[in-house]
Amino acid sequence: VTGDNGKVAGSLNSDDSYIVFPNHPVEVGDTWEADLKPIKSSDMKVHVKYTLNKISGNEAVIGIEDKITASKVADNNMTLDGVQNGEATVDIRDGLTTKINIDQEVKMTIQQNGMSIPMTISGTITKTSEKK
């Protein structure tokens with residue numbers, strides 16, 4: 001995804017993984033940032049800092065640091081605050097993300113029927129893709 005001034009909005013979901021590429025050339029060590037609004041029916045925001053860590057052959061390894069916040073998600077009153085950190089491997093010929101490995105720590109509280117339900121989600125997300 002090439003962002004319009006680094007801002008992307010849409011109907012992304014938790015199964016989606018996006019790299020927002022800058023509109024200018026980058027070299028190893030360069031960073032860029034993007035703001036994502038993953039779900040139109042929420043105020044969830046994801047601020048991402050990317051770093052080009054390495055280029056080897058036709059692959060680029062991009063570091064990812066996400067900050068996630070929300071106070072309303074899909075018409076549910078919930079607060080959400082978390083981070084995701086990791087790396088993605090991208091085919092530089094076409095931009096396909098071939099591998100992503102992200103550690104996450106997300107705290108949330110759902111308000112429902114006068115009750116507060118706190119939760120913490122911790123884990124590692126690993127995805128691989130290949131062309132067919």
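All values below were derived from every heavy atom in this structure, side-chain atoms included, with hydrogens, water molecules and symmetry-related copies excluded.
- Closest approach of Lys99 to Thr128, counting heavy atoms only: CG-CG2, 4.1 Å.
- Between the Trp32 side chain and the Val20 main chain, a donor and an acceptor come within less than 3.5 Å of each other.
- Judged by distance alone, the side chain of Asn113 and the main-chain N or O of Met115 form no donor-acceptor pair under 3.5 Å.
- Heavy atoms only, all atoms of each residue included: Asn53 and Val28 are closest at O-CG1, 3.3 Å.
- Using a 4.5 Å cut-off on side-chain heavy atoms (C-beta onward), Ile100 and Ile64 make contact.
- Met119 and Met44 end up in the same hydrophobic cluster when Ile, Leu, Val, Met, Phe, Trp and Tyr side chains are linked at under 4.5 Å.
- Listed here is the closest heavy atom pair of Thr97 and Ala88: CG2-CB, 4.2 Å.
- From Lys67, atom NZ reaches atom NZ of Lys49 across 15.0 Å, with rounding to the nearest 0.5 Å.
- Side-chain contact, Asp81 with Thr69: no donor N or O sits under 3.5 Å from an acceptor N or O.
- A side chain to side chain contact (heavy atoms under 4.5 Å, CB included) with Ile68 is found for exactly one of Glu105, Gln104, Met108, Gln84, namely Gln84.
- Phe21 places a side-chain heavy atom less than 4.5 Å from the side chain of Val90.
- Closest of all the heavy-atom pairs between Ile92 and Ala60 is CG2-CB, 3.5 Å.
- Of all non-hydrogen atoms in Ser116 and Thr109, the two that sit nearest each other are CB-CG2, 4.0 Å.
- The two residues Tyr50 and Ile19 make their nearest non-hydrogen contact at OH-CA, 3.8 Å.
- Residue-environment remark: NZ (Lys45) stays at or below the threshold of 12 foreign heavy atoms within 6.0 Å.
- Using a 4.5 Å cut-off on side-chain heavy atoms (C-beta onward), Asn101 and Glu87 make no contact.
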